[in-house]
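Inspection log for the structure reproduced underneath, given as structure tokens.
Just so it is clear, the structure is predicted and the values come from calculations on it, not from any experiment. To find a chain, count down the sequence lines: A is the first, B the second, and so on, and within it residues start at 1.
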Amino acid sequence: MSTDFTIARAAEFEGRDVALYGWLYNLRESGKILFPLFRDGSGVMQAVVSKKDVSQEVWQRVSDLTQESSLIARGAVRREPRAPGGYELVLRDLEVLHRVPEDTPYPIARKEHGPDFLLSHRHLWIRSPRQSALLRLRHEVIRSIHEFFDQHGFILTDSPILTPAACEGTTTLFELDYFDLGKAYLTQSGQLYVEATAAALGKVYCFGPTFRAEKSKTRRHLTEFWMVEPEVAFATLDDLMKLGEDLVTYIVQKALQRRRPELETLERDTRKLEHIQPPFPRLSYDEAIKILHRKGSHTPWGEDLGGADETRLSEEYDRPVIVHRYPAQAKAFYMEPDPERPDLALCMDMLAPEGYGEIIGGSQRLADYNLLLQRLRENNLPEEAFRWYLDLRKFGSVPHGGFGLGVERTTAWIAGIPHIRETIPFPRMLYRIYP
RNA sequence: UCCCCGGUAGCUCAAUGGUAGAGCAUUCGGCUGUUAACCGAAGGGUUGCAGGUUCGAGUCCUGCCCGGGGAGCCA
């Protein structure tokens, strides 16, 4: 009897007797033959039970199964073209661990449901094949990120989640009381802290949840989302664009290599992912605005690009497009000005194809102490809270930079799904914090 | 915060201002290769909440609550 059987690896167990630890996904009956469908977390597998081949007790236990009852099914794995997945379990014995009572049946049917109902039952919805495929894909994205940075000599230095002040805007912070020390805030970005660790370790990144109290109500926003933020000492804007391009390529190609079955479950057109390879097109903001004006946009020079602009730009290309050197006035206080055009910031955004919008935002950071101090004052930021950040410009300041990549947006794009809320186990949104 | 759409059975949805219905789910019966199986039957309702118009309101009006999509902002 094998104990390490999983449905995903059923082919390796052909002809062997196995124990399947799982749940009932569905039960199809046809007279004296039963087709229970089991799921075990790795996939769904059909079993077959003939009345003449099993005891009366086993037959009864299977016919009495209710959806999502937990169980141990024992039998032989057989290749069977008529079974979904190509293999089925010839059931010999069934042990019921917990039977879902019929007066409180499992609420999620294998039929259509609305988003409100599904999100309110998110703790159960994640059991469905599509949702578990998305969570496996998310896992793969995260794993690839860590692999990539490890292979490129980066050190993981996580930033704090509780912070004393804003990283960027001050209006979009979740605030809480911190003992006798006054207010603390949930982090919006780990960037300022990885700037410090980059000066200590050279090439670093942080990976963790970030929080935005923005009242955004769109398919691209969550109030709590995960971001990976590399930061590199001595890096120029060109280095950052190259790093972002290599990272995104690595993530996409590994997803294709390792998560084909999941992408198939999601009915993703993988041809659109195959050609995600460097180099990605690069446009200056000036060039981007020209293209947009030619395509009918009315965004004036100097303003940040809107969602419709991003879609217009990305539909020009079959891979992500990098837009660099935005007007400084539209960007954050900590960005290094372009020495040739001080009205521009040495920054870059990467826009995913197919209208998925910005997946990366980054920049070279202000390295000069006096200019940084001036920018802090212009933005009415509390100087005291940024004392340590200013110190980084007092003790061996170097050109450096980094970017943030949004895990959920990246996963949604690779999965080809319309809303990012399905790419995180328990999404946090403007009007939803349960379950 | 603003704009648009919606709320009817556990779920997805019907119902000209005139007797609240179907499919799925649940229960019972039938069927030896089913593929969201199929066939037959049964149970299941304070039509989001409060008020108003009307002989009569799921339907029309007002307010509120809840959700969805989008804008702005962002990853």
Side-chain angles (χ1 to χ4, degrees), chain A residues 25-37 44-53 59 63-64 66-68 78 80-86 88 90 100-121 125 128-130 167-169 171-172 188-191 209-229 244 299 303-308 310 330-332 349-352 356-362 403-413 418-421 423-424 429-432 434:
Chain A
Y25 176 64
N26 190 14
L27 177 62
R28 292 194 276 260
E29 293 180 71
S30 183
K32 307 250 175 333
I33 185 165
L34 303 172
F35 297 99
L37 271 73
V44 175
M45 184 181 197
Q46 170 175 296
V48 61
V49 190
S50 294
K51 192 161 193 177
K52 64 174 165 48
D53 293 340
W59 175 264
S63 7
D64 284 350
T66 46
Q67 198 188 349
E68 287 303 318
R78 178 168 76 187
E80 171 54 72
R82 288 173 294 186
E88 70 182 9
V90 184
V100 177
E102 41 273 282
D103 56 341
T104 55
Y106 186 68
I108 300 188
R110 291 166 309 280
K111 278 267 183 177
E112 320 139 43
H113 293 288
D116 184 30
F117 177 82
L118 289 171
L119 287 165
S120 297
H121 293 82
W125 186 26
S128 59
R130 197 181 148 77
C167 296
E168 303 182 16
T171 55
T172 58
Q188 294 175 302
S189 160
Q191 179 205 316
T210 49
F211 307 86
R212 304 278 166 94
E214 294 162 359
K215 296 205 165 178
S216 306
K217 244 180 79 60
T218 82
R219 62 182 66 193
R220 297 191 307 277
H221 285 86
L222 300 170
T223 55
E224 177 182 320
F225 67 97
W226 286 66
M227 191 154 64
V228 57
E229 296 175 273
T299 304
E303 265 182 37
D304 210 342
L305 305 181
E310 292 182 352
K331 291 290 178 180
D349 284 356
M350 185 187 293
L351 310 178
Y356 279 90
E358 186 180 343
I359 51 171
I360 281 183
F403 59 79
L405 173 127
V407 168
E408 289 78 17
R409 284 189 185 175
T410 303
T411 306
W413 160 50
H419 202 303
I420 67 169
R421 63 191 166 199
T423 64
I424 188 166
M429 292 174 291
L430 185 51
Y431 294 123
R432 197 174 285 281
Y434 176 93

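Residue-level contact check: Ser50(A) touches neither bases nor backbone, having no heavy atom under 4.0 Å from any strand. Residue-level contact check: Lys51(A) touches neither bases nor backbone, having no heavy atom under 4.0 Å from any strand. Within the 4.0 angstrom heavy-atom criterion, no nucleotide atom of any strand lies near Arg130(A). Within the nucleic acid shown, Glu102(A) comes within 4.0 Å of sugar-phosphate atoms alone, with no base atom in reach, counting heavy atoms only. Within 4.0 Å (heavy atoms only), His419(A) reaches sugar-phosphate atoms of the nucleic acid but no base atom. Nucleic acid contact class of Gln67(A) (heavy atoms, under 4.0 Å, all strands): none. Within the nucleic acid shown, Asp304(A) comes within 4.0 Å of sugar-phosphate atoms alone, with no base atom in reach, counting heavy atoms only. If you check every strand for non-hydrogen atoms under 4.0 Å, Leu222(A) touches a base. Residue Glu88(A) is in base contact, counting any heavy-atom pair closer than 4.0 Å across all strands shown.
Not counting sequence neighbours, the partners of Asp116(A) by the side chain to side chain donor-acceptor pair (under 3.5 Å) test are Arg432(A). Contacts of Glu88(A) classified as salt bridge (charged side-chain N to carboxylate O under 4.0 Å, His left out), with partners at least two apart in sequence or in another chain: Arg78(A). Scanning for salt bridge (charged side-chain N to carboxylate O under 4.0 Å, His left out) contacts around Glu303(A) gives an empty result, with sequence neighbours left out. Arg82(A) pairs by the salt bridge (charged side-chain N to carboxylate O under 4.0 Å, His left out) definition with Glu80(A), not counting sequence neighbours.
The base of G69(B) lies outside donor-acceptor range of the side chain of Arg220(A), with no N or O pair under 3.5 Å. No N or O donor and acceptor, one from the side chain of Arg432(A) and one from the base of C66(B), sit under 3.5 Å apart. The base of U34(B) lies close enough to the side chain of Gln46(A) for a donor and an acceptor atom to sit less than 3.5 Å apart. Under 3.5 Å, the side chain of Glu29(A) and the base of G33(B) form no donor-acceptor pair of N or O atoms. Taking only distance into account, the side chain of Ser216(A) meets the base of C73(B) through a donor-acceptor pair shorter than 3.5 Å.
As rounded to whole Å, 13 Å separates atom P of C73(B) from atom CG of Asp349(A). With rounding to whole Å, Asp53(A) atom CG is found 11 Å from U32(B) atom C1'. The interatomic distance linking Glu229(A) (CD) with C74(B) (P) rounds to 15 Å, in whole Å. The CG atom of Leu430(A) sits 13 Å away from the P atom of C2(B) (whole-angstrom rounding). For Leu118(A) and G68(B), the CG to C1' distance is 13 Å, given to the nearest whole Å. The nearest whole Å value for the distance from the CG atom in Leu351(A) to the P atom in C74(B) is 14 Å. Rounded to a whole Å, the CD1 atom of Ile33(A) is 10 Å from the P atom of U32(B). We find that NZ of Lys32(A) is positioned 8 Å from C1' of C31(B), with the value rounded to whole Å.
With both ends at atom C1', the span from G52(B) to G69(B) equals 31 Å, rounded to whole Å. Rounded to a whole angstrom, the distance from the P atom of A15(B) to that of G21(B) is 14 Å. The same atom, P, is picked in G68(B) and in C11(B); the two are 16 Å apart, to the nearest Å. Between A9(B) and A14(B), the two P atoms lie 12 Å apart (nearest whole Å). One C1' atom belongs to A42(B), the other to C4(B), and the distance between them is 43 Å to the nearest Å. Nucleotides A20(B) and C2(B) place their P atoms 39 Å apart, quoted to the nearest Å. A distance of about 12 Å separates the C1' atoms of G48(B) and G58(B), rounded to the whole Å. Across U59(B) and G7(B), the matching P atoms stand 11 Å from one another, rounded to whole Å.
With Arg421(A) contributing its side chain and Leu222(A) its backbone, the two residues share no donor-acceptor pair below 3.5 Å. In this structure a side-chain-to-backbone donor-acceptor pair under 3.5 Å is missing from Ser50(A) to Lys52(A).
Once the 5.5 Å centre distance and the 30° plane angle are applied, the aromatic ring of Tyr431(A) is found not to be stacked with the base of G67(B).
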Take Phe225(A) and Arg409(A) through the side chain to side chain contact (heavy atoms under 4.5 Å, CB included) test and state the conclusion after the steps. CA-CA 9 Å; Phe225(A) 67 97; Arg409(A) 284 189 185 175; over 6 Å; no
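For the pair Glu310(A) and Gly357(A), the tightest heavy-atom approach, listed with the atom from each and the gap, is OE1-CA, 3.5 Å.
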Do nucleotides 8-14 of chain B as a string where each nucleotide becomes B, S or -: B if the base has a protein heavy atom under 4.0 Å, S if just the sugar-phosphate does, - if no protein is that close. ---SS--
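Of the candidates C74(B), G33(B), U1(B), C74(B) carries the atom nearest the Arg409(A) side chain, counting heavy atoms from C-beta on. Looking at the side chain of Arg78(A), the nearest of the listed nucleotides A75(B), G33(B), U26(B) is G33(B).
Where pairing requires Watson-Crick or G-U contacts shorter than 3.5 Å, the helical stems of RNA chain B with at least three consecutive pairs are B:1-7 with B:65-71, B:10-13 with B:21-24, B:26-30 with B:38-42, B:48-52 with B:60-64.
Residue Trp125(A) holds its CH2 atom at 10.5 Å from NE2 of His113(A), rounded to the nearest 0.5 Å. Within the model, atoms CE of Met227(A) and CZ of Phe211(A) stand 11.0 Å from one another, a figure rounded to the nearest 0.5 Å.
The side chain of Arg421(A) places no N or O atom within less than 4.0 Å of a non-bridging phosphate oxygen (OP1 or OP2) of G67(B).
Ring-plane geometry between Phe117(A) and His121(A) is classed as tilted, the angle between the planes lying from 30 to 60 degrees on a 0 to 90 degree scale.
The closest side-chain donor-acceptor pair between Glu29(A) and Ser63(A), if any, does not fall under 3.5 angstrom.
Comparing Met429(A) and Gly404(A) by the nucleotide of RNA chain B whose heavy atom lies nearest to each, the residue mapping closer to the 5' end is Met429(A).
For the pair Val49(A)/Trp59(A), a side-chain contact is recorded, criterion being any heavy-atom separation below 4.5 Å from C-beta on.
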